[in-house]
S.K.: 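Would you mind keeping the following structure in view while I ask a few things?
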Amino acid sequence: MKIAQVYINQLNINTDRPFDYFVPEKLENEIMPGMRVIVPFGINNKKIDGLIYKITEGNNTEKLKKILGTIDGFPTLDWRQLEICEWLQFNYHSFFMDAANSYYPGTISIKTRRHKSGETEYYVNSKAKEDISYRFTEKFQEMDFEKLSDLLKSNAIIQKRILRLIFEKKQKHEWIKSEINNCNTALKALIKANIIEPYKSENDRSSNFNLSEKPALTIIQKKILEEYEKSDHKGYLIHGVTGSGKTEVYLRMMEASLKTGKSCLYLVPEISLTPQTINRIRERFDEEIAVIHSKITESDRIRQYRDIENRKIKIIIGARSAIFSPFKNLGVIIIDEEHENTYKSGNRPRFDTITLAGKIAELHGAKLVLGSATPSIATYYNAIMGKYKLFKMPDRINGQSMPPSTIVDMREELKNGNRSFLSKRLYDSIKRRLEEKEQVILFLNKRGYFSFVFCRECGHVIKCNKCDVAMTYHGKSNKMECHYCKSSKPVAEFCPNCNSKKIKYSGSGTERIQSMLAKYFPESKILRMDTDTMRKKDDVQNALTSFSKGEADILLGTQMITKGFDFENVTLVGVLLADLTLNFPDFRASERTFQLITQVSGRAGRGERQGEIVIQTYDPEHYVLEFASRHDYEGFYEKEIKYRKIGDYPPFTQLLYVGFSGNQRDAVKKDCETYYKMLEEEIKDLGDQDMMNQVYPPAQSNITRINNKYRYYILIKTNEIKTFNKVISKINRSRTNKIKSNMVVDVNPNIIY
DNA sequence: AGCACGCCGACT
DNA sequence: GTCGGCGTGCTC
């Protein structure tokens, strides 16, 4: 008799294991691992969806409950995907169903249906809807809006609004729904009156893009591709400076994969920042392309999912969530800008995309290609150690050398009586470039710079009520915001501590600098880009197109301007204060700073004119700045890897963060300490005394409270991550109710709070 | 998670 | 006596 091991779709540490179910005779032939099923669960036999993990034979079926039915009639996950779920469960401490749910789009509700025979059938209503649009019926197609709305009753306001939307070609149901709150009755009335009719909108993803010619390859591109073709390496790292032609290499690699009938996955750090790349891929291949990220609509996701699964779509572009696409026969995974920290997931499953992609490539026999102008230290180390084959593209494709950099010592400026944020050197350069009608990029990594609010009388800093952080003043809304819990409060007129009126508000870094720049260069137009000004989805793209059209002279911004955009007319890049990220208490501070400066420097001189870079700092001798100004990645790497070795930091070790949070400080602290003791005991059992030295004792988080939750953590810095993963899994499974705080395990986390 | 069981204090 | 608050333990 068949027994199915089923994972229940109940995301909890106690239910994160397979449960045995009896497979009824009528399902015996149908049932397979990877299928979604409906099962009764718990004391009340609640119907719940689950996923078949394994099928075994057995005789002790009397005690087992039976599977009520299947959901899809086919496996939604294949053996590879099941293996990945298990792999994520063990290596990143996610629940099995967290990973499984990442694979399958849409939510499920279980319905019952009673047959005449008395039998109850369980089925599923997927919330996935077809994409519905509305158009005018034949009779009304030619009529103009005024005439049409005269046909309606005068009080049918919603109906009129809907008609206007359809007139304006906002005919998709989804769009109408987003503009008009309760549109359903009005829509029904309009359909009943035979004025409009619904239709299934075809997807227009493969619409008319002009295919472009393939450019001729440079010598280095040719050489890399030849070696790539004949190599049987599993992983590759392309280290190429900005403008060296990496994208063309990626495109040819994809082409090679498609030629053998295999699919390609092309990952980018953030979809909204890479429209140029997406267009380039669209223009190259005469194929349908799926663009996947977390913000697409559910119906879009489901349609693309289906087309990828039945292999109609073979090219998948996306942010990190696209790694869970249902590709069947993958030839190559390309990860562009592999150093970006968006590749590390901060939610369950908390995986690292590069490691996961390596695992997936292995299962598919696909090639993994990483590319960056500033590879992460860990990746470059792996390349040096032979895990990835290293390709270098040290020259720009247009033959131009990297623009020269100047480091400006801001201490000298202070000595000379210049208290402004602009050095004489940078001011002169900006002035000259503007006179030449060239464009300037100024980069500020603000991170709390000049943005908190304090009392000049008593020094009191205004903090968030729910979090232990200073609030940030936003001039635009004239409010104070907490960047951690997103709450805001109106500005205080008096100091809440001493009642003084001398409360000092300064705008956020970029905001403040924008107004000062406007004073220095009254003739020029300044475009500011940061998370405050770029709130809406298309803001970033609109701003960047506007700047590339020359509608502004100076682009002032934070991290987001460092991403790969080409501006022909930009000849000067200024880094306003390089030290800001350098002094961050994180072992990757140097790495991040080097990457940021190098990436933003790459924006200069991409046109015909020679560019220049000016880096302002209070610490001009710092090795990061020296190497960055010389565009010397290898030099930086050599130095940095030595520091990592000395400090026993990644890539020589791995970090495991075990965090606890809850409303009561003492309870959280106690839980953290209890967990530490459990770790101690488990490790003692293993008989390896040295291992406990790799565990740092419980500590209070840097930000002690976020959203009214107190935070403690244990950090493990180890070169035996597998052993620790085993120990942690064991503890998490046995601790049941000993620990009541929220617990998070994050492997190699992005930030340590 | 979600639910039932059971132990204890408060209250008609 | 008994109602219900919440701590505890289990789900094939």
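Letters A, B, ... mirror the listed sequences (proteins, then strands); counts begin at 1.
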S.K.: Quick one: do A/K63 and A/D20 make a salt bridge, cutoff under 4.0 Å?
M.R.: no
S.K.: Just checking, is any N or O donor in the side chain of A/E337 or A/Y343 under 3.5 Å from an acceptor N or O on the other one?
M.R.: no
S.K.: Using whole Å, report how far CG of A/N45 lies from C1' of C/dC10.
M.R.: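 Distance check: A/N45 CG to C/dC10 C1' gives 14 Å.
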S.K.: Specify the separation, in whole Å, of atom CG of A/N12 and atom P of C/dG9.
M.R.: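 Result: 15 Å.
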S.K.: Just to verify, what does A/F324 make a ring-ring contact (aromatic ring centres under 6.0 Å, His included) with, not counting sequence neighbours?
M.R.: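 Partners of A/F324 under the ring-ring contact (aromatic ring centres under 6.0 Å, His included) test: A/Y103, A/F351.
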S.K.: To the nearest angstrom, how far is A/I13 atom CD1 from B/dG2 atom C1'?
M.R.: 17 Å
S.K.: Rounded to whole Å, please give me the gap between CZ in A/R733 and C1' in C/dC10.
M.R.: 16 Å
S.K.: Provide, to the nearest angstrom, the distance between the CD1 atom belonging to A/I739 and the P atom belonging to C/dT8.
M.R.: 14 Å
S.K.: Quick one: does any side-chain atom of A/K2 pair with a main-chain N or O of A/E28 as donor and acceptor, under 3.5 Å?
M.R.: yes
S.K.: What orientation do A/F41 and A/F19 show, parallel under 30°, tilted 30 to 60°, or perpendicular over 60°?
M.R.: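 A/F41 and A/F19: perpendicular rings.
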S.K.: Please report, rounded to the nearest Å, how far the P atom of B/dA1 is from the OH atom of A/Y7.
M.R.: 17 Å
S.K.: Which residues in residues 32-43 of chain A have a heavy atom closer than 4.0 Å to any atom of DNA chain B?
M.R.: A/I43
S.K.: Figure out the NZ/P separation between A/K740 and C/dT8, and round it to whole Å.
M.R.: 7 Å
S.K.: Fit a plane to each ring of A/F587 and A/Y649, take the angle between them on a 0 to 90° scale, and name the class: parallel (under 30°), tilted (30 to 60°) or perpendicular (over 60°).
M.R.: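 The arrangement is parallel - the two ring planes meet at less than 30°.
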S.K.: Whole-Å distance between C/dT11 C1' and A/N44 CG?
M.R.: 11 Å
